[in-house]
Number of protein chains: 2
Amino acid sequence: MPRPKTRDDALKDQVLTESISLLESGGAIAVTARRVASDAGTSTAAVYELFGDKAGLVRSIFFEGFARLAAELAVVAPSDDAHADLMSVFDTTRRFALRSPMLFEVMFARPFTEFEPGPKDFEAATQIYSEVIRRVAAVLDTSETDPTTVDAAHALVALDRGLIAAELSGTLGRSSESVERRRNTALTAIIDGLCTAQDRS
Amino acid sequence: MPRPKTRDDALKDQVLTESISLLESGGAIAVTARRVASDAGTSTAAVYELFGDKAGLVRSIFFEGFARLAAELAVVAPSDDAHADLMSVFDTTRRFALRSPMLFEVMFARPFTEFEPGPKDFEAATQIYSEVIRRVAAVLDTSETDPTTVDAAHALVALDRGLIAAELSGTLGRSSESVERRRNTALTAIIDGLCTAQDRS
DNA sequence: TAGTTTCAAGAACGGCGTTTCGAAACACTG
DNA sequence: CAGTGTTTCGAAACGCCGTTCTTGAAACTA
């Protein structure tokens with residue numbers, strides 16, 4: 001007997017898509033409930049029914065970012081060169097960050113005062129770690145469950161995150177050559193160091 | 001003939017101090033013009049005359065953070081152990097971040113939508129780089145102006161920043177042992193790798 | 001004391017996140 | 001076909017934010 005619902009999953013997806021467009025085009029400051037609702041052709045009340053609150057909307061953006069990055073990482077086919085396969089993870093992540101800097105910042109910085117990701121939220125990043133762990137194990141020739149492998153993966157992810165953050169803020173270097181050279185220096189050095197540490201044990 | 005100003009540098013310092021207290025106790029969401037003014041015993045108009053706008057207030061917090069960190073780094077006396085001196089920079093930075101996590105986030109994350117640091121703002125970080133460069137040069141036995149030294153310093157700063165960000169968000173590990181082990185693994189590996197790269201050339 | 005000039009702060013404005021509430025839209029009954 | 005009941009929708013309203021303005025007080029000169 002009731003009137004039909006229009007605030008369904010399809011609308012939720014549309015609101016989310018519009019929010020990300022708004023984020024990329026105008027930064028975090030442009031993502032307001034009114035503008036998001038207007039761009040998606042609905043009302044603010046709909047946004048609040050679908051996402052709970054503004055933090056819920058940003059959390060969905062956060063998850064969508066990890067889903068997109070994971071999808072891109074999964075596409076990269078493994079080759080017979082374990083070292084190149086590992087580097088390609090960081091290259092892919094970097095290109096993702098340069099293509100969608102605002103979305104990347106939602107994932108790894110904190111441009112919305114309303115949303116501070118908690119431990120539960122960061123479980124979304126687990127699938128990305130697993131991709132790194134698999135390739136680290138191949139390079140080090142260790143088991144994927146070996147603490148050495150996991151520790152190395154954390155080291156690499158932390159470094160890549162720091163490098164990308166520095167590049168996005170413009171502090172890694174002025175020219176693209178210096179940026180790339182420093183990325184290469186850092187990643188090569190840590191992989192080399194992790195390998196020798198493994199060889200010694 | 002005028003009445004004396006009360007909105008002077010002393011009040012500005014007090015407002016800044018109260019802002020940082022408010023930030024550390026209640027997070028970025030607690031730092032509002034009204035609360036800052038109230039806690040400092042003045043009005044919002046005074047805050048705006050002193051800092052221009054909210055972004056100006058946050059920028060001052062940003063600079064104060066770098067000033068405090070630089071002061072702590074300068075205190076650490078150089079010893080005859082170059083390697084230990086380098087590691088102490090990262091230990092000091094880490095302890096600073098754990099002691100003042102919100103202030104650290106203002107410096108390296110972006111918890112205020114109002115303030116996005118630009119290239120000009122990041123020059124405040126230069127003094128911190130110079131401290132790292134000096135100690136990297138000692139470890140690698142290179143000149144402080146050698147590109148190799150500068151590249152290595154950027155690599156190390158990026159890694160430390162990534163490690164601290166991961167630790168603050170709780171993704172580096174559950175127990176403090178695993179966190180410290182991973183920090184040590186990462187920093188040791190990259191320094192080792194940077195040294196061998198330098199030895200080869 | 002009167003006049004003049006500067007300053008301080010409370011009130012006001014638009015926009016934000018969020019909630020409320022009356023109207024609208026459907027299915028079913030008589 | 002009109003009426004009823006139930007559910008959904010969205011315009012408007014609320015409080016708080018950053019920011020600005022207006023009003024009135026304060027301090028100095030003459």
Side-chain angles (χ1 to χ4, degrees), chain A residues 1-16 18-23 25-62 102 106 110-117, chain B residues 1-16 18-23 25-62 102 106 110-117:
Chain A
M1 27 245 256
R3 75 192 268 188
K5 273 195 88 73
T6 61
R7 298 175 180 176
D8 52 7
D9 284 351
L11 181 61
K12 185 168 184 176
D13 284 349
Q14 190 182 343
V15 170
L16 181 56
E18 293 290 349
S19 296
I20 295 176
S21 299
L22 223 37
L23 173 69
S25 64
I29 207 172
V31 182
T32 71
R34 284 171 178 78
R35 288 206 59 181
V36 163
S38 168
D39 284 16
T42 182
S43 65
T44 62
V47 174
Y48 280 83
E49 180 179 335
L50 291 169
F51 295 94
D53 54 12
K54 176 86 181 284
L57 173 61
V58 180
R59 179 176 287 106
S60 291
I61 297 175
F62 177 85
M102 298 296 178
V106 172
R110 202 149 80 61
F112 288 94
T113 306
E114 296 95 342
F115 174 64
E116 178 171 15
Chain B
M1 36 248 246
R3 73 192 271 190
K5 278 194 84 72
T6 62
R7 298 175 180 176
D8 53 7
D9 284 351
L11 181 61
K12 186 169 185 176
D13 283 349
Q14 190 182 343
V15 169
L16 182 57
E18 292 290 348
S19 297
I20 295 176
S21 300
L22 222 37
L23 173 69
S25 65
I29 208 172
V31 183
T32 71
R34 285 171 177 78
R35 287 206 59 180
V36 164
S38 168
D39 284 16
T42 181
S43 63
T44 61
V47 174
Y48 281 83
E49 180 178 335
L50 292 169
F51 294 95
D53 55 12
K54 178 86 180 284
L57 173 61
V58 180
R59 178 175 287 107
S60 291
I61 297 175
F62 177 86
M102 298 295 178
V106 173
R110 201 146 81 58
F112 289 94
T113 305
E114 296 95 342
F115 173 65
E116 179 172 14

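Fair warning: this is a prediction, and the values are worked out from it, not measured in the lab. To find a chain, count down the sequence lines: A is the first, B the second, and so on, and within it residues start at 1.
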**Study point:** F112(A) side chain near L23(A) side chain, heavy-atom distance below 4.5 Å
**Key:**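 A side-chain contact under 4.5 Å exists here.
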Exercise for review: Could you check if a side-chain atom of R110(A) sits within less than 4.5 angstrom of a side-chain atom of P117(A), using non-hydrogen atoms only?
Suggested key: yes
Exercise for review: Answer with base, sugar-phosphate or nothing: what part of the nucleic acid does T6(B) contact at a heavy-atom distance below 4.0 Å?
Suggested key: sugar-phosphate
Check your understanding: When all nucleic acid strands are considered with a 4.0 Å heavy-atom cut-off, which category describes V47(B): base, sugar-phosphate, or nothing?
Key ->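 Since no nucleic acid heavy atom lies under 4.0 Å of V47(B), the category is nothing.
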Exercise for review: Taking D13(A) for its side chain and L16(A) for its backbone only, find out whether a donor-acceptor pair lies under 3.5 Å.
Suggested key: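 The answer is no, because no donor-acceptor pair under 3.5 Å joins these two groups.
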Exercise for review: Map R7(A) and E114(B) onto DNA chain D by nearest heavy atom, then report which one ends up closer to the 5' terminus.
Suggested key: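 It is R7(A) whose nearest nucleotide is closer to the 5' end.
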When the side chains of residues 26-43 of chain A are checked against the rest of the protein, which donor-acceptor pairs come out under 3.5 Å, sequence neighbours left out?
unit_1, atom_1, unit_2, atom_2, d
T32(A), OG1, R35(A), N, 3.1
S43(A), OG, A46(A), N, 3.4

Review point. Who pairs with D9(A) by side chain to side chain contact (heavy atoms under 4.5 Å, CB included), at least two apart in sequence or on another chain?
Key: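 Partners of D9(A) under the side chain to side chain contact (heavy atoms under 4.5 Å, CB included) test: none.
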Check your understanding: Nearest to the side chain of A45(A), which nucleotide is it out of dT20(C), dA12(D), dT20(D)?
Key ->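 Per side-chain heavy atoms of A45(A), the pick is dT20(C).
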Point to revise | Counterpart residues, ring pair (Phe, Tyr, Trp, His ring centres under 6.0 Å), relative to F62(A) (two or more places apart) | key: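 Partners of F62(A) by the ring pair (Phe, Tyr, Trp, His ring centres under 6.0 Å) criterion, ordered by chain and then number, come out as F66(A), F115(A), F122(A).
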Review point. Does dA8(C) have OP1 or OP2 sitting under 4.0 Å from an N or O in the side chain of S43(B)?
Key: no
**Study point:** Positions of residues 48-59 of chain B (non-hydrogen atom under 4.0 Å from DNA chain D), listed by number
**Key:** Y48(B), D53(B), K54(B)
Point to revise | DNA chain D-proximal residues of residues 32-42 of chain A, any heavy atom under 4.0 Å | key: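 The stretch gives R34(A), T42(A) as the residues lying under 4.0 Å from the strand, ordered by number.
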Practice item. Write out all pairs satisfying salt bridge (Lys or Arg N to Asp or Glu O under 4.0 Å) with one or both partners inside residues 49-59 of chain A, taking only residues at least two apart or from two chains. Key: K5(A)-E49(A), R7(A)-E49(A), K54(A)-E114(A), R59(A)-D121(A)
Check your understanding: Rounded to whole angstroms, how far apart are CZ on F112(B) and P on dC17(D)?
Key ->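 Whole-Å distance recorded here is 13 Å.
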Practice item. Whole angstrom is fine here: how far is it from CD1 in I29(A) over to P in dG17(C)? Key: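 Rounded to whole Å, this separation is 11 Å.
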What's touching nucleotides 22-24 of chain C from the protein side, N or O pairs under 3.5 Å?
unit_1, atom_1, unit_2, atom_2, d
dA24(C), N3, R3(A), NH1, 3.1

